[in-house]
Amino acid sequence: MKKIILFILLLADIPFLTETHASTKQQARDSIFQTAATIPNDSIRCIFLRNAFQQYIGQESATEYLDSAIVLARRKQIHGKELWALFDYCRQYEYLADIFNQQKRLLILKEASYQYKDYAFYYTMWLSVLQARCALGDTIMQAQEMRDESTRLNYKKGNFIAALALAQAYDFAGRYDEAIEIYKQALENNPTANENGLLIIHGNLAKLYKKQEKYPQALSEYQKQLDVLTKVSKGLPLSDTFKTIFLEIETSFCKIYMITKDQEKLIQHLKKAEEYYSDNVYLGAYINYHSLWGFYYKLTKEWDKCFRELDLALAACRGTDPFNENDLLKSKADALLETGRY
């Protein structure tokens with residue numbers, strides 16, 4: 001009987017707990033709008049509301065903050081802040097993997113961009129949409145449309161972004177030579193391209209050459225990518241972002257030397273990768289790092305170390321990366337056979 005009464009009391013408390021949670025959310029929402037109202041500078045108030053949106057993205061109140069920033073920016077004619085907020089609206093649906101609403105919001109961003117003759121946010125988000133649509137098979141035509149539109153607008157940065165979109169579309173379609181040619185043209189036509197653009201192009205060229213098994217060319221592009229990153233990071237604190245990109249490039253070198261079984265070069269770049277590695281890197285980098293060490297120890301026949309590294313990579317793969325898991329299982333099986341552990 002006591003258990004039944006306790007259960008009833010617990011059930012009776014549920015609405016109260018729910019209401020308390022909702023009340024807390026409402027208080028946080030009201031507090032943000034009250035704080036925004038006290039900010040005298042309109043531009044800073046827009047930034048504050050956008051930051052609140054980013055902090056609470058995915059929650060119902062987040063859209064309210066962004067809507068308020070857009071209304072304020074339009075009323076005060078702060079066009080840059082309006083475009084930025086409209087861009088964030090698209091990013092929200094990108095974050096939610098909602099391509100349908102992302103494309104709808106892209107049209108609104110396009111309209112404002114045309115009105116203010118400021119196309120940077122629009123073209124950046126258009127590229128994102130095309131990348132998300134690659135599997136649908138219509139991105140080559142849309143990338144060509146992007147290129148034609150940027151030419152019509154005489155928007156040089158748009159031509160560069162369109163080239164990236166078209167090359168990526170050719171890559172996804174398996175038209176590697178055409179993708180390579182587009183990337184090369186983009187470099188020739190944009191000698192002053194920023195570092196981010198150069199990192200993308202050299203990295204993507206390297207991956208294309210690797211798919212074609214043109215390993216010297218792939219290594220050359222990875223080296224160019226590394227040179228750009230080294231130049232950018234010179235004199236700056238080595239942030240987690242820099243460490244992650246350095247780690248990705250070094251493991252990319254390692255993957256090619258793993259294929260070519262160049263043991264000397266493999267350990268050289270593994271030791272460089274070790275300088276940038278930490279256990280809290282994102283999952284894909286963690287798996288790559290440990291599986292590459294496993295392969296190296298397989299070459300040197302240091303079996304205990306080999307199995308330890310492969311097991312770390314396998315444990316991270318389970319339930320998240322079945323294709324990588326299958327490859328690692330095959331590699332471990334080969335190592336077990338080689339050691340006579342049937």
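- Scanning both residues, Ala163 and Ala186, for their nearest heavy atoms gives CB-CB, 4.0 Å.
- A donor-acceptor pair is defined here as one N or O able to donate and one able to accept, closer than 3.5 Å; such a pair exists between the side chain of Asn194 and the backbone of Gly197.
- Smallest separation of non-hydrogen atoms from Leu247 and Ala273: CD1-O, 3.5 Å.
- One finds the CG atom of Leu83 at 12.5 Å from the CE atom of Met125 (value rounded to the nearest 0.5 Å).
- Aromatic pair Trp126/Tyr123: centroids less than 6.0 angstrom apart.
- Within a 6.0 Å sphere centred on NZ of Lys265, other residues, nucleotides and ligands contribute 12 heavy atoms or fewer.
- Counting only residues at least two apart or on different chains, the ring-ring contact (aromatic ring centres under 6.0 Å, His included) pairs with a member in residues 27-52 are Phe33-Tyr65.
- At a threshold of 4.5 Å between non-hydrogen side-chain atoms, the residues Gln142 and Val129 do not count as touching.
- One hydrophobic cluster, built from ILVMFWY side chains closer than 4.5 Å, holds both Tyr114 and Leu106.
- Between Lys305 and Thr300 the shortest side-chain heavy-atom distance does not fall below 4.5 Å.
- Applying the side-chain contact (heavy atoms from CB on, under 4.5 Å) criterion to Glu275, with sequence neighbours excluded, gives Lys272.
- The two atoms that bring Ile201 and Leu164 nearest to each other are CG1-CD2, 3.6 Å, heavy atoms only.
- Taking every heavy atom of both residues into account, Ala162 and Ala143 meet most closely at CB-O, 4.3 Å.
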*Begin with the C-alpha distance, continue with both residues' side-chain angles, and end with the deciding distance and a verdict on side chain to side chain contact (heavy atoms under 4.5 Å, CB included) for Ile108 and Tyr89.*
CA-CA 10 Å; Ile108 297 172; Tyr89 233 122; over 6 Å; no
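- With hydrogens and angles disregarded, no donor-acceptor distance shorter than 3.5 Å links the side chain of Tyr119 to the backbone of Leu153.
- At least one donor-acceptor pair closer than 3.5 Å links the side chain of Arg45 to the backbone N or O of Ile39.
- Between the side chain of Thr339 and the main chain of Ala335, a donor-acceptor pair closer than 3.5 Å is present.
- A 6.0 Å sphere centred on CG of Asp30 holds more than 12 heavy atoms belonging to other residues, nucleotides or ligands.
- Between Ser233 and Phe246, some side-chain heavy-atom pair lies under the 4.5 Å cut-off.
- Ion pair Lys211/Asp171 flagged as a salt bridge, since at least one NZ, NE, NH1 or NH2 atom sits closer than 4.0 Å to an Asp/Glu carboxylate oxygen.
- In the hydrophobic cluster analysis, where Ile, Leu, Val, Met, Phe, Trp and Tyr join through side-chain heavy atoms closer than 4.5 angstrom, Trp293 is grouped together with Leu299.
- Annotation: side chain of Tyr276 is in contact with side chain of Leu238 (closest heavy-atom distance under 4.5 Å).
- Taking 4.5 Å as the limit, some side-chain heavy atom of Lys255 sits within range of a side-chain heavy atom of Asn288.
- Leu86 CG to Glu82 CD: the interatomic distance, rounded to the nearest 0.5 Å, is 5.5 Å.
- Legend: ring-ring contact (aromatic ring centres under 6.0 Å, His included) pairs involving residues 298-330, not counting sequence neighbours: none detected.
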*asked:* Could you walk me through whether Asn280 and Tyr282 satisfy the side-chain hydrogen bond (donor to acceptor under 3.5 Å, both in side chains) test, starting with their C-alpha distance in whole Å, then the side-chain angles of each, then the deciding distance to 0.1 Å, before giving a yes or no?
replied: CA-CA 6 Å; Asn280 62 352; Tyr282 71 92; over 6 Å; no
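- No donor-acceptor pair under 3.5 Å is formed between the side chain of Ser31 and the backbone N or O of Gln27.
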*Decide yes or no on side chain to side chain contact (heavy atoms under 4.5 Å, CB included) for Leu109 and Cys90, but give the supporting numbers first.*
CA-CA 8 Å; Leu109 175 58; Cys90 295; 4.3 Å; yes
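- In this structure the side chain of Glu181 reaches within 4.5 angstrom of the side chain of Gln185, judged on heavy atoms.
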*Where do Tyr296 and Ile267 land on the side chain to side chain contact (heavy atoms under 4.5 Å, CB included) test, with the steps shown first?*
CA-CA 7 Å; Tyr296 172 74; Ile267 188 58; 3.6 Å; yes
*Might you work through the side chain to side chain contact (heavy atoms under 4.5 Å, CB included) test for Leu187 and Leu198, ending with a clear yes or no?*
CA-CA 8 Å; Leu187 288 172; Leu198 293 174; 3.6 Å; yes
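- Ring pair Tyr289/Tyr277 is parallel by interplanar angle, where below 30° counts as parallel and above 60° as perpendicular.
- For the pair Lys298 and Ser331, the minimum side-chain heavy-atom distance is below 4.5 Å.
- Within 6.0 Å of CD on Glu338 lie more than 12 heavy atoms contributed by other residues, nucleotides or ligands.
- Without hydrogens or angle criteria, Ser239 side chain to Phe242 main chain gives a donor-acceptor distance under 3.5 Å.
- The distance from the OG atom of Ser291 to the CG atom of Leu328 is 5.5 Å, given to the nearest 0.5 Å.
- Linking Ile, Leu, Val, Met, Phe, Trp and Tyr whenever their side-chain heavy atoms come within less than 4.5 Å leaves Tyr209 and Ile182 in two separate clusters.
- Looking at every heavy atom in both residues, Ser43 comes nearest to Lys81 through O-CE, 4.0 Å.
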Determine all donor-acceptor pairs shorter than 3.5 Å in which one atom belongs to a side chain in residues 309-320; sequence neighbours excluded.
{"residue": "Glu309", "atom": "OE1", "partner": "His290", "partner atom": "ND1", "Å": "2.6"}
{"residue": "Asp311", "atom": "OD1", "partner": "Lys332", "partner atom": "NZ", "Å": "2.6"}
{"residue": "Thr320", "atom": "OG1", "partner": "Ala316", "partner atom": "O", "Å": "3.0"}
{"residue": "Thr320", "atom": "OG1", "partner": "Cys317", "partner atom": "O", "Å": "2.9"}

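- In this structure, Asn154 places its CG atom where only 12 or fewer heavy-atom neighbours from other residues, nucleotides or ligands lie under 6.0 Å away.
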*Decide yes or no on side-chain hydrogen bond (donor to acceptor under 3.5 Å, both in side chains) for Gln92 and Asn101, but give the supporting numbers first.*
CA-CA 9 Å; Gln92 173 180 230; Asn101 279 308; over 6 Å; no
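- Closest heavy-atom contact between Thr38 and Gln34: CG2-O, 3.3 Å.
- Partners of Lys156 by side-chain contact (heavy atoms from CB on, under 4.5 Å), not counting sequence neighbours, listed by chain and number: Asn190.
- With values rounded to the nearest 0.5 angstrom, Leu229 atom CG is found 10.0 Å from Glu195 atom CD.
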Taking distance alone, no hydrogens or angles, what donor-acceptor pairs closer than 3.5 Å link side-chain atoms of residues 215-225 to residues at least two apart or in another chain?
{"residue": "Glu221", "atom": "OE1", "partner": "His202", "partner atom": "ND1", "Å": "2.7"}
{"residue": "Gln223", "atom": "NE2", "partner": "Asp227", "partner atom": "OD1", "Å": "2.9"}
{"residue": "Gln225", "atom": "NE2", "partner": "Leu199", "partner atom": "O", "Å": "3.0"}

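- Note that the CG atom of Leu166 and the CD1 atom of Ile140 stand 7.0 Å from one another [nearest 0.5 Å].
- To the nearest 0.5 Å, the span separating CZ on Phe160 from CG on Leu127 amounts to 10.0 Å.
- In terms of hydrophobic clustering, with Ile, Leu, Val, Met, Phe, Trp and Tyr side chains grouped at heavy-atom distances under 4.5 Å, Ile70 and Tyr95 are assigned to a common cluster.
- If you chain together hydrophobic residues whose side chains sit under 4.5 Å apart, Ile99 and Phe87 fall into the same group.
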